[in-house]
Visitor: 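Okay, handing you the structure first.
Note: hydrogens, waters and symmetry copies are ignored here, and every other heavy atom, side chains too, is used. On a predicted model such as this, the values are computed, not experimentally measured, just so you know.
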Amino acid sequence: MKRQLLSLFIILCCATTMMAQQSPNGKLTVEPRQQKLVVSYQQQPVIEVETGIETAALRKSKPKRISADYQMIAGKKSHCTNEANEYRCGALVVRIYNDGIALRYEYNGLKDAKQPEELTAYRIPEGTRRWMQQWAESYEGFFPFSTTAKEKPVPSFSGTFTSPDGFNNRWGYPALLEPTDGVFALITEANIERQQSASCLYNDGERFRVVPDKNEKRLNGEWHTPWRVVIVGSLADVVESTLVTDVAEPCLLEDTSWIHPGVVSWVYWAYNHGSNDYNIIKKYVDMAATLHLPYVLIDAEWDEMTNGKTIEDAVAYARQQSVRPLIWYNSSVGWIDGAPGPKFRLNKPEDREREFAWCEKIGVAGVKIDFFSGDNQMNMDYCIDLLESAARHHLLVNFHGATIPRGWQRTYPNLLSTEGVYGAEWYNNVPTFTNRAASHNATLPFTRNVIGPMDYTPCAFSDSQHPHITSHAHELALTVLFESGLQHLADRPESFLAQPQAVQDFFGLLPAAWDETRYVSGYPGQSAVLARRSGSRWFVAGINGTDEPQALKCDLSFIGTNRKATLFADSGNANVPWQISTISTPPSSVACQPRGGFVIVVE
């Protein structure tokens, strides 16, 4: 009898698999059900996606093999590969990748048409473990752990969005779910192109609708939506995934030899102010030179330089010290009145070309552009205009006060970083960050940083306006744990230069782009341990996101044994906070103090 039941179970499983479309590696299946798709991972249902289109025809659709194989200048991985089976059903295109699904709608024959109605929605049942950010124009918010959508709205820069029953009903990407133990789904979108707006999620109970932002463009001929993306699998699958760039348009730049990721010294955090003081700028240039950092950021207000100097003097001084300067601009579409400048220099095409040509002429390496006004089609086209113009003048780009990455970092690799994160500058703004930073930091590697570079501005050993209670080793670990093609260091020169020589030397070795990234251990909000490789050198970073001591698992068998390594850890002594040692065998676990951390550099 038992054998008969087992045989019946196998037959049913095989029949279900045959009815479902699957990924090339067979781990993911998608079962069409009326106007829905049920996504499963290793035969475990993970998420239900509404398509608004009858999907039965997908069963008869002959799959087309899609291959992604490309190089990235910056990011979690230099050589990216993935495969998918693509299925079509009317306007609906579904790709089942080895680590997730992507779907979009393709239309043709449009004549002076409005943007077609978005049809996608996700069902997230109450009780599902989740880490979701209430929507804010700047994407600066926490990803708190919850099992319900019934969350009270948190005020943000862009107001609150409340359902009739008084709960928040608008959510930003990415959204991380754990529908079943050890199986995760990360919802986001990718490949925003011209004539498209970005989207977010609105929920009515358990149904989370994809809602595009404002788009008043009239459409003609062919048009498609961005890709709606769900990364599916284990935490390792999610963290290591490159699916957002896999579905993005290939690089459009013919020459990328001038694009160099790197670490940046940054003035704003310590002074809560811009860069209108030439003497302070010099201190940050000198710090970059001493620590062997390639870049310095000259932040806002450089158009009001004091000390009888100008921005050209500051740029020239940085270049004399062999430090490449980046400079800040106000996008002048978001916060304008009362905001710092320079303003209105980039909005018109002719002004933008003139300004970027001047930057190139005086030796500016890149631009940080701030204060955008949301995810509407106007802003998306403006960002693309900025990226293309900057590339013509060999300028790197860092978007701040802007939307999250959606794959532009592949299409325009001069985009090396984007804010879109509740980062260290919030120690300047509110006391809330002090007590929540450790848990938040241990959530970001599994949420926001999965989808692209994140300018969190890590590593503060001293205090700004509000104190931090994370340890020195925790702060150092963030420089490895958080991926950003331009990695801005937050602290003041006096603090960095007071650290042990081994710590100072670490910054000169620190890459801002990685050949490989491995998930080692951790769980959102509790801890995170990642290993990143640059060339033959591995950097392993771990943080404790809790207020209790914790031993972090650190299985590094994939690196090999008998390799010299340096361990940066917390001593537990406030007067002598570092414990730095040379080790021959990486440990299988590292004991961390509350809100502590560690870094291992394996030669």
Side-chain angles (χ1 to χ4, degrees), residues 19-25 27-41 45-68 82-108 115-124 171 173-177 179 184-193 196-202 207-212 222-233 237-238 241-249 406-407 450-451:
M19 292 173 62
Q21 320 311 102
Q22 63 181 5
S23 61
N25 65 6
K27 288 186 177 181
L28 265 66
T29 58
V30 174
E31 181 188 350
R33 289 184 187 174
Q34 298 178 335
Q35 295 187 357
K36 299 176 182 178
L37 302 171
V38 178
V39 182
S40 297
Y41 174 75
V46 176
I47 193 166
E48 185 179 278
V49 186
E50 292 184 20
T51 62
I53 291 176
E54 175 58 54
T55 58
L58 285 175
R59 294 194 180 97
K60 300 177 182 179
S61 173
K62 185 177 180 181
K64 174 185 176 182
R65 183 59 63 92
I66 303 293
S67 294
N82 205 347
E83 289 187 319
N85 289 324
E86 181 181 280
Y87 302 88
R88 290 176 175 264
C89 176
L92 177 64
V93 181
V94 180
R95 289 183 180 178
I96 313 175
Y97 283 86
N98 288 331
D99 57 355
I101 69 162
L103 61 94
R104 74 180 186 185
Y105 304 85
E106 298 180 356
Y107 302 93
N108 52 53
Q115 176 178 277
E117 179 186 1
E118 176 63 47
L119 302 174
T120 312
Y122 305 98
R123 184 174 178 271
I124 306 176
W171 308 85
Y173 299 123
L176 179 66
L177 315 174
F184 294 81
L186 187 94
I187 301 171
T188 189
E189 70 176 350
N191 201 42
I192 303 291
E193 300 176 85
Q196 295 176 348
S197 60
S199 72
C200 64
L201 299 174
Y202 278 85
R207 183 172 180 264
F208 287 72
R209 298 176 291 118
V210 174
V211 180
E222 296 180 352
W223 184 85
H224 56 258
T225 67
W227 288 103
R228 313 307 179 199
V229 172
V230 187
I231 301 171
V232 177
D237 293 322
V238 172
S241 175
T242 58
L243 188 51
V244 168
T245 49
D246 294 342
V247 300
E249 290 298 303
R406 288 175 167 86
V450 170
I451 61 174

Visitor: Short question: side chain of N98, backbone of N25 - any donor-acceptor pair under 3.5 Å?
Guide: yes
Visitor: Rounded at 0.5 Å granularity, tell me how far CG in L243 sits from CG in N82.
Guide: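 Reported to 0.5 Å precision, the distance equals 6.5 Å.
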Visitor: Can you find a pair of side-chain heavy atoms, one from R209 and one from E118, that are under 4.5 Å apart?
Guide: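 Result no, sub-4.5 Å side-chain heavy-atom pair not found.
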Visitor: Is any side-chain heavy atom of R228 closer than 4.5 Å to a side-chain heavy atom of R104?
Guide: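 The answer is no; the side chains never approach within 4.5 Å.
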Visitor: Going by distance alone, is a donor N or O of one side chain under 3.5 Å from an acceptor N or O of the other, for N85 and R65?
Guide: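 A donor-acceptor contact under 3.5 Å links the two side chains.
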Visitor: Going by distance alone, is a donor N or O of one side chain under 3.5 Å from an acceptor N or O of the other, for Y173 and S199?
Guide: yes
Visitor: To the nearest 0.5 Å, tell me how far I124 CD1 sits from R207 CZ.
Guide: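 Between atom CD1 of I124 and atom CZ of R207 there are 12.0 Å.
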Visitor: side-chain contact (heavy atoms from CB on, under 4.5 Å) between V230 and V46: does it pass, once the steps are laid out?
Guide: CA-CA 10 Å; V230 187; V46 176; over 6 Å; no
Visitor: Report yes if some heavy atom in the side chain of L103 is under 4.5 Å from a heavy atom in the side chain of L37; otherwise report no.
Guide: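 They are in contact (side-chain heavy atoms under 4.5 Å apart), so the answer is yes.
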Visitor: Under the side-chain contact (heavy atoms from CB on, under 4.5 Å) test, which residues partner E48, sequence neighbours left out?
Guide: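 Result, side-chain contact (heavy atoms from CB on, under 4.5 Å) vs E48: K36, V38, R123.
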Visitor: Can you give me the closest heavy-atom contact between S67 and E83, atom names plus distance?
Guide: OG-OE2, 3.8 Å
Visitor: Got a second to check how far I451's CD1 is from R406's CZ, nearest 0.5 Å?
Guide: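 Going from the CD1 atom of I451 to the CZ atom of R406 covers 7.0 Å.
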Visitor: With sequence neighbours excluded, what pairs up with S197 under the side chain to side chain donor-acceptor pair (under 3.5 Å) test?
Guide: none
Visitor: So, taking the atom named CG in L176 and the one named OG1 in T188, what distance separates them when rounded to the nearest 0.5 Å?
Guide: 11.5 Å
Visitor: For L58, does its backbone N or O pair with a side-chain atom of Q21 as donor and acceptor, under 3.5 Å?
Guide: yes
Visitor: Report yes if the side chains of F184 and I231 come closer than 4.5 Å at any heavy-atom pair, otherwise no.
Guide: no
Visitor: Which class fits the ring pair F208 and W171: parallel under 30°, tilted 30 to 60°, perpendicular over 60°?
Guide: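 The rings of F208 and W171 sit tilted, inter-plane angle from 30° to 60°.
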Visitor: When you measure from the side chain of E106 to the backbone N and O of E222, does any donor-acceptor pair fall under 3.5 Å?
Guide: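 Judged by distance alone, no pair lies under 3.5 Å.
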Visitor: A quick test of your reading: do over 12 heavy atoms of other residues, nucleotides or ligands sit less than 6.0 Å from CD of Q34?
Guide: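 At most 12 heavy atoms, drawn from other residues, nucleotides or ligands, come within 6.0 Å of this atom.
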Visitor: Find out whether D237 and V232 are in side-chain contact, i.e. whether some heavy atom of one side chain is under 4.5 Å from a heavy atom of the other.
Guide: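 Of all side-chain heavy-atom pairs linking V232 with D237, none is under 4.5 Å.
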Visitor: What is the distance from atom SG of C89 to atom NZ of K60, rounded to the nearest 0.5 Å?
Guide: 10.5 Å
Visitor: Would you name the heavy atoms of E193 and Q196 that are closest together and state the gap between them?
Guide: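 The pair with the smallest heavy-atom distance is N-OE1, 2.8 Å.
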Visitor: Any side-chain heavy atom of V93 sitting closer than 4.5 Å to one from W227?
Guide: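 In short, these two side chains touch, coming nearer than 4.5 Å.
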Visitor: Return the minimal non-hydrogen interatomic distance between D246 and Y97, and the atom names on each side.
Guide: O-OH, 4.2 Å
Visitor: Look up atom OG1 in T55 and atom CD in E31, then write down how far apart they are to the nearest 0.5 Å.
Guide: 9.0 Å
Visitor: Hey, are the side chains of V30 and V39 touching, using non-hydrogen atoms and a 4.5 Å cut-off?
Guide: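 Yes; the side chains approach each other to less than 4.5 Å.
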Visitor: Closest heavy-atom contact between G407 and T245?
Guide: CA-CG2, 4.3 Å
Visitor: Under a 3.5 Å distance rule, please check whether T51 uses its side chain to pair with a backbone N or O of Q35 as donor and acceptor.
Guide: yes
Visitor: Under the 3.5 angstrom rule, does the side chain of S40 hit a backbone N or O of T29 as a donor-acceptor pair?
Guide: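 Not a single qualifying donor-acceptor pair exists.
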Visitor: Under 3.5 Å, is there a donor-acceptor pair between the side chain of T225 and the main chain of Y105?
Guide: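 Yes, because the side chain of T225 sits within donor-acceptor range (under 3.5 Å) of the backbone of Y105.
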Visitor: Using a 4.5 Å cut-off on heavy atoms from C-beta on, say whether the side chain of P226 contacts that of N191.
Guide: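 Side-chain contact under 4.5 Å: no.
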